[in-house]
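Convention: sequence-line order gives letters A, B, ...; per-chain numbering from 1. All values below were derived from every heavy atom in this structure, side-chain atoms included, with hydrogens, water molecules and symmetry-related copies excluded.
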Amino acid sequence: MSRWPIDRFLLWLLRGTATIAGAIVLLIVTFLVMESLPVLQHVGISRFFTDPSWHPTERLYNLTPMLWGTLFAMVGSVLIATPLGILSAVFCRYYAPPAVARPYRKLIELLAGIPSVVYGFWGLVVLVPLIGSIHPPGPSLLAGIIILTIMILPTIALVADASLANVPQQYVRGAAALGLSRWGIIQGVVFPAAKSGLLTGVILETGRAIGETMAILMVCGNVVQTPHSLFDPIRTLTANIALEMAYALGDHRAALFVSGLVLMAMIAALVAAAEWISHGRIYG
Amino acid sequence: MEGFMVNSLGRSLDGRELLASILVWSAAALVTATFCWLLWDILWHGLSQISWTFLTAPPRNAGREGGIGSIIVSTALILGVCLGVSLPIGIGTAVLLAEFTTEASLFGRFTRRSLDVLSGVPSIVFGLFGNAFFCKTLGLGFSILSGGLTLACMVLPILIRSTEEGFRTVPAEYRLSTAALGLSRSTTLFHLLLPAAVPGLLVGLVLGVGRAIAETAALIFTSGYVDRMPESLLDSGRALSVHIFDLSMNVPGGDAHAYASALVLVVLLLAINGIASWLAEYCLHRRIVTV
Amino acid sequence: MKPSVPASGIQPWCPLEERPACCEPTPFIEVERLSLHYGQKPAFHDVTISINKGCITALVGPSGCGKTSFLTSLNRLTDLIPGCRVSGSIRLDGLDLLDPNTDVIRLRRRVGMIFQKPNPFPLSIRKNLEFPLREHGLRDREQIAATVETVLRDVGLWDEVKDRLNSPALALSGGQQQRLCMARALALSPEALLMDEPCSALDPLSSGVVEDLIVGLRNRYTVLIVTHNLAQARRIADYAALFWVQNGAGQLIEAGTAKQVFTEPRDPLTAAYVSGMRG
């Protein structure tokens with residue numbers, strides 16, 4: 001190491017801070033496990049899927065309707081937001097004149113920072129009544145999908161924009177020199193070259209869609225049921241935690257921590273997938 | 001480099017080309033229209049409610065009347081706690097990762113990996129953790145301190161990431177030349193690297209503040225709902241975003257003030273965003289992606 | 001598709017004194033008073049030259065004298081650079097190239113380009129060749145496969161890659177990548193080929209292979225090649241043109257047959273440059 005004592009002191013100080021930063025994830029997992037352990041021990045994992053319903057006060061702990069809720073909302077919004085977000089990035093990079101592209105990108109950057117509670121509020125006062133007038137009751141899976149789409153769209157749009165920007169210009173020049181048309185170049189050269197960046201974007205937006213709580217809580221109606229149509233109200237895992245944490249005690253509280261663990265597992269799987277795709281770092 | 005455009009790749013009357021153009025333009029139009037609708041709606045309904053009294057008076061009648069004075073104070077205190085804790089830890093970690101570890105070192109890889117995971121953790125899980133750890137285990141209860149600490153965990157990855165980027169923009173020659181002059185690494189760090197990395201640090205700071213101020217789910221079970229003016233950090237305090245949530249979900253007739261609070265929050269975030277991209281563009285000479 | 005002369009058709013190198021090989025020079029590209037500006041900054045000014053069909057014309061001169069800019073204006077790749085203005089006139093086989101109504105997609109199909117740095121797409125070897133063909137409307141699978149084989153044979157790559165057509169093109173060596181890029185350009189059967197220092201990023205051995213290929217294109221294609229390597233220009237060119245920076249912009253100093261430019265230059269600058277005293 002270094003011969004300066006102050007260097008050694010500094011290094012240990014920095015190592016200390018880094019250890020704290022690195023340990024938070026472990027701490028989170030430890031606490032989730034510790035808090036959910038009681039219910040896992042005397043209820044068991046299988047009952048979270050086989051119980052007749054979710055009535056934690058009556059010791060019935062079926063999480064499947066909420067899992068379906070999370071899954072449907074997530075899949076729906078990712079399916080809509082991905083093409084929209086990628087097209088919006090393509091617009092920014094290859095279609096819009098510079099005078100339009102710059103403010104458009106600023107707009108998207110701004111939207112990435114709007115709090116979920118504001119999106120949720122807008123959904124509650126504008127979107128839900130609108131859907132309700134088409135097909136009551138209004139708070140529904142559809143409302144959730146639309147709000148989630150709006151929320152995750154900036155994520156995929158910005159990541160896609162950044163990965164399109166990273167496509168080497170020599171590819172575009174080479175393709176143009178071969179007399180390829182604009183969409184021909186985008187589809188045939190730009191997309192394959194930006195593939196891993198685009199996939200990372202999809203993973204990031206999926207993570208956001210799974211983890212989103214407030215907005216979806218505000219527009220989905222929160223009825224514990226497996227939805228049969230787009231207009232059925234649903235409750236997601238995250239909304240369930242937010243709704244019941246305030247009064248949950250004992251096993252009920254522990255069961256909520258179990259859903260927290262499930263969420264963590266989903267995110268860990270996504271991070272692993274991203275790692276696998278990019279063989280590198282994913283955030284930022 | 002942004003200069004190289006494919007705008008004029010030539011016209012083609014090919015049907016597919018036309019379809020692609022229509023699709024791309026309508027996607028952009030749809031996105032723009034939706035977001036303008038949203039922003040306009042908030043602005044239109046919120047602006048009429050905003051006044052000096054609204055910003056300074058305490059809320060009355062569950063927030064239907066009065067203002068958001070105490071709520072702004074609570075939000076600021078939560079932010080203060082969050083930054084007070086996350087800044088030293090974040091900068092220390094960033095310095096270690098950028099200057100004192102190699103890509104291959106086990107410790108560095110472990111820290112990076114766990115920060116990757118941390119940046120993806122849903123905010124409600126932070127809420128669960130904060131509730132279990134800060135409120136219960138450490139006995140801080142529902143308090144501004146618990147809320148701030150929970151948020152500190154949440155913003156760490158963003159903070160570390162941007163600060164590290166700031167250090168990476170410092171040319172390697174600086175380090176070599178100071179080493180060649182026989183200076184300690186600490187001297188190099190404090191006199192050369194830190195000043196050079198300040199823009200990156202500031203960007204991270206601003207982004208972290210943006211994320212913290214927008215957060216709701218992590219705060220409901222840590223800093224709580226109490227809308228009184230907080231007297232100490234151990235008092236429960238209601239953040240602005242929690243206020244919006246409560247007004248719109250639990251208080252019938254609270255929409256008007258919810259709109260106004262949402263407008264305040266959006267304007268704050270707009271300002272923060274503006275500062276971040278200004279910093280990024282003028283100091284770092286490059287764009288940042290805020291995800 | 002265009003029937004290609006097999007690889008054995010590559011002509012042996014012939015001494016400078018016996019060139020040009022094309023017996024009757026017919027102008028294919030006629031450039032008149034062409035100037036190009038990047039914003040306010042001129043790249044080259046007032047260039048008038050005519051490029052003969054089926055011949056190899058070498059553009060030589062020091063760095064930054066507008067040779068590459070000149071080349072890219074010939075297939076309107078300059079359109080892609082914001083703030084780039086081209087004035088003057090270029091006629092390709094009678095077609096007014098700078099006319100805004102000119103179909104640049106068809107133009108770029110007629111005028112292929114090889115870049116300094118090999119730029120195969122991040123796709124498989126096969127896809128690199130097939131995809132531009134498909135984009136230009138060729139649908140018949142057998143015809144596509146036949147063209148792929150023909151052009152790969154043309155550039156002498158077939159035997160090297162025929163067993164791994166589906167592996168990524170970026171895994172090829174630099175010289176192989178450059179030959180793949182040539183095959184990709186040839187697959188569209190262009191009439192002219194613009195080459196921007198095609199050998200400068202390659203090692204001497206690959207460079208030699210690519211150079212032989214270029215010689216083999218004589219008579220079949222009109223080749224315009226930018227090169228820094230005077231020896232190479234001497235070896236392969238039928239015609240030569242010297243660019244030089246004067247008054248802050250590139251200028252065409254002298255153009256003529258390679259023999260004339262290299263052995264009896266008219267301009268003292270050319271004389272100094274070709275003898276290695278300047279530039």
Side-chain angles (χ1 to χ4, degrees), chain A residues 2 4 6-7 10-11 14-15 17-18 20-22 24-25 28 31 35 84 87-88 90-91 94-95 107 109-113 115 117-118 121-122 124-126 150 155 158-159 162 169 172 176 181-183 204 207 211 213-214 218 238 241-242 245 257 260 263-264 267-268 271 282-284, chain B residues 4 6-7 9 12 14 16-17 20 23-24 27-28 31 34-35 38 41 89 92-93 95-96 100 110-112 114 116-125 128-129 132-133 153 156-157 161 184-186 210 214 216-217 220-221 241 244-245 248-249 255 258 262 265-266 269 273 289-291:
Chain A
S2 175
W4 303 87
I6 182 160
D7 274 8
L10 182 78
L11 190 62
L14 296 180
R15 281 203 183 130
T17 60
I20 297 178
I24 292 175
V25 164
I28 291 179
F31 267 86
E35 294 279 339
L84 266 183
L87 282 180
S88 127
V90 166
F91 171 77
Y94 298 109
Y95 280 80
L107 178 76
E109 275 173 19
L110 188 162
L111 295 164
V117 68
V118 172
F121 174 60
W122 180 77
L124 184 68
V125 293
V126 175
I150 296 176
T155 308
L158 286 175
V159 177
Q169 289 300 337
V172 181
S181 60
R182 172 153 57 183
W183 185 253
L204 278 174
T213 311
M214 301 323 283
M218 291 162 90
T238 49
I241 300 174
M245 223 2 226
F257 276 86
L263 286 170
M264 270 305 266
I267 296 301
V271 171
I282 59 146
Y283 60 89
Chain B
F4 189 79
V6 200
N7 268 326
L9 280 181
S12 166
D14 194 25
R16 186 192 62 168
E17 208 60 23
L23 264 177
V24 168
V31 170
T34 311
F35 285 123
L38 192 151
D41 189 61
I89 298 181
T93 311
V95 169
L96 186 87
F100 293 90
F110 162 78
T111 312
R112 265 177 232 282
S114 59
D116 279 349
V117 179
L118 195 65
S119 68
V121 172
S123 49
I124 188 77
V125 173
L128 282 178
F129 163 71
F133 184 58
C153 300
L156 262 181
R161 177 68 170 173
S184 74
R185 290 178 83 171
S186 314
T216 317
I220 311 178
F221 317 120
S241 51
I244 300 169
F245 170 67
S248 56
M249 287 295 280
D255 278 3
L265 190 54
V266 168
L269 278 159
N273 238 298
V289 178
T290 49
V291 278

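For W183(A) against E17(B), the heavy-atom pair with the smallest separation is N-OE2, 2.6 Å. Across all their heavy atoms, G92(B) and L14(A) have their closest contact at O-CD2, 3.4 Å. Of all heavy-atom pairs between I267(A) and V117(B), the closest is CG2-O, 4.5 Å. Nearest approach of G113(A) to A214(B), heavy atoms of both residues: O-CB, 4.3 Å. Summarising the geometry of P122(B) relative to G211(A), their closest heavy-atom pair is CB-CA, 3.5 Å, with the distance given to 0.1 Å. Considering all non-hydrogen atoms of both residues, A18(A) and L96(B) come closest at CB-CD2, 3.4 Å.
Using a 4.5 Å heavy-atom cutoff, the side chains of S241(B) and M214(A) are not in contact. S248(B) has its side chain out of reach of V125(A): every pair of non-hydrogen atoms, C-beta onward, lies at least 4.5 Å apart.
Heavy-atom pairs under 4.5 Å with chain B peak, among L10(A), V90(A), I20(A), at L10(A). The candidate with the highest count of non-hydrogen atom pairs below 4.5 Å against chain A, out of G120(B), A132(B), A27(B), is A132(B). Heavy-atom pairs under 4.5 Å with chain A peak, among T34(B), I89(B), L23(B), at I89(B). Highest contact tally toward chain A, considering only A262(B), C153(B), A20(B), S123(B), is held by A20(B) [criterion: heavy-atom pairs under 4.5 Å].
Proximity to chain A (any heavy atom under 4.5 Å) is restricted, for V266(B), to the side chain, taken from C-beta onward. At a 4.5 Å heavy-atom cutoff, the contact between L269(B) and chain A is made by side-chain atoms alone. Residue contact with chain B, scored on non-hydrogen atoms closer than 4.5 Å, involves the side chain of L124(A) exclusively. Interface residue F221(B): only side-chain heavy atoms are found under 4.5 Å from chain A. Contacts between L111(A) and chain B at a heavy-atom distance below 4.5 Å involve the side chain alone, from C-beta outward. For L38(B), the parts sitting under 4.5 Å from any heavy atom of chain A are the backbone and the side chain alike. Using a 4.5 Å cut-off between heavy atoms, A242(A) touches chain B through backbone and side chain atoms alike. Proximity to chain B (any heavy atom under 4.5 Å) is restricted, for L107(A), to the side chain, taken from C-beta onward. Only the side chain of F110(B) has a heavy atom closer than 4.5 Å to any heavy atom of chain A. If you measure heavy-atom distances from T213(A) to chain B, the contacts under 4.5 Å come from the side chain alone.
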- Test side-chain contact (heavy atoms from CB on, under 4.5 Å) applied to L128(B) and F31(A), step by step: CA-CA 9 Å; L128(B) 282 178; F31(A) 267 86; over 6 Å; no

- Determine, stepwise, if the pair V117(A) / L265(B) fulfils side-chain contact (heavy atoms from CB on, under 4.5 Å). CA-CA 10 Å; V117(A) 68; L265(B) 190 54; 4.3 Å; yes

- Item | Residues M245(A), I220(B); criterion side-chain contact (heavy atoms from CB on, under 4.5 Å); working and verdict | CA-CA 9 Å; M245(A) 223 2 226; I220(B) 311 178; over 6 Å; no

- Message: Pair D255(B), F121(A) - check side-chain contact (heavy atoms from CB on, under 4.5 Å), show working.
- Response: CA-CA 9 Å; D255(B) 278 3; F121(A) 174 60; 4.0 Å; yes

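To the nearest 0.5 Å, atoms CD (E35(A)) and CZ (F133(B)) are separated by 12.0 Å. Between the OG atom in S119(B) and the CG atom in L204(A) there is a gap of 7.5 Å [rounded to 0.5 Å].
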